[in-house]
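FYI, side chains are in, hydrogens and waters are out, and symmetry mates aren't considered; it's all heavy atoms of this structure. A quick note: this is a predicted structure, and the numbers were derived from the prediction, not measured.
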Amino acid sequence: MYERLGLEESDLRKAGIVVGIMTLVMLFVIDAPLLARLVAALILATISAAVFLLVTIVLNTVKPDL
């Protein structure tokens with residue numbers, strides 16, 4: 001299904017890496033109790049991965065054919 005959007009399997013792996021890194025960063029940056037930090041970090045990391053995939057789709061759509 002994701003091929004129709006112009007995504008490759010490597011793009012999905014990179015989105016997973018974005019989620020992992022952003023979760024770790026947000027766990028240290030957010031100042032709250034542990035459970036609230038974890039929930040907020042996962043939400044923000046998911047938003048970051050969605051934006052990453054959206055930008056990847058747009059770039060793959062408008063890139064010139066070589």
Side-chain angles (χ1 to χ4, degrees):
M1 178 182 145
Y2 54 85
E3 290 91 5
R4 288 190 286 166
L5 297 173
L7 293 174
E8 299 174 1
E9 218 172 292
S10 64
D11 295 330
L12 297 177
R13 275 194 302 265
K14 291 175 187 173
I17 292 170
V18 167
V19 169
I21 291 172
M22 289 303 295
T23 300
L24 289 175
V25 168
M26 290 299 156
L27 277 175
F28 289 109
V29 171
I30 297 173
D31 185 30
L34 183 60
L35 183 60
R37 258 193 288 181
L38 184 60
V39 170
L42 288 173
I43 290 170
L44 292 171
T46 304
I47 291 170
S48 296
V51 170
F52 170 80
L53 290 175
L54 181 65
V55 168
T56 303
I57 290 169
V58 170
L59 287 175
N60 287 340
T61 302
V62 300
K63 72 179 177 183
D65 294 330
L66 299 176

- Message: I need the minimum non-hydrogen distance between A40 and I30, along with the two atoms involved.
- Response: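 Closest pair (atom of A40, atom of I30, distance): CB-CD1, 3.7 Å.
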- Message: If I compare all heavy atoms of A15 with all of A49, which pair ends up nearest, and what's the gap?
- Response: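 What the structure gives for the nearest pair is O-CB, 3.9 Å.
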Is there a path of hydrophobic side-chain contacts, each under 4.5 Å between heavy atoms, that joins [X] and [Y]?
X   : Y   : answer
L44 : V19 : no
L7  : V18 : yes
V62 : L5  : no
L38 : I43 : no
I17 : V25 : yes

- Message: Tell me whether N60 contacts the main-chain N or O of I57 through its side chain, where contact means a donor paired with an acceptor under 3.5 Å.
- Response: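 Side chain of N60 to backbone of I57: no pair is present.
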- Task: Mind checking salt bridge (charged side-chain N to carboxylate O under 4.0 Å, His left out) for R13 and listing every partner two or more places apart, or none if nothing turns up?
- Result: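 Partners of R13 under the salt bridge (charged side-chain N to carboxylate O under 4.0 Å, His left out) test: E9.
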- Item | Separation of L53 CG from K14 NZ (nearest 0.5 Å) |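 Here the rounded value is 11.0 Å.
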- Query: So among V29, L27, L42, D31, which one has a side-chain contact (heavy atoms from CB on, under 4.5 Å) with R37?
  - Reply: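 Among V29, L27, L42, D31, the one that satisfies the side-chain contact (heavy atoms from CB on, under 4.5 Å) with R37 is L27.
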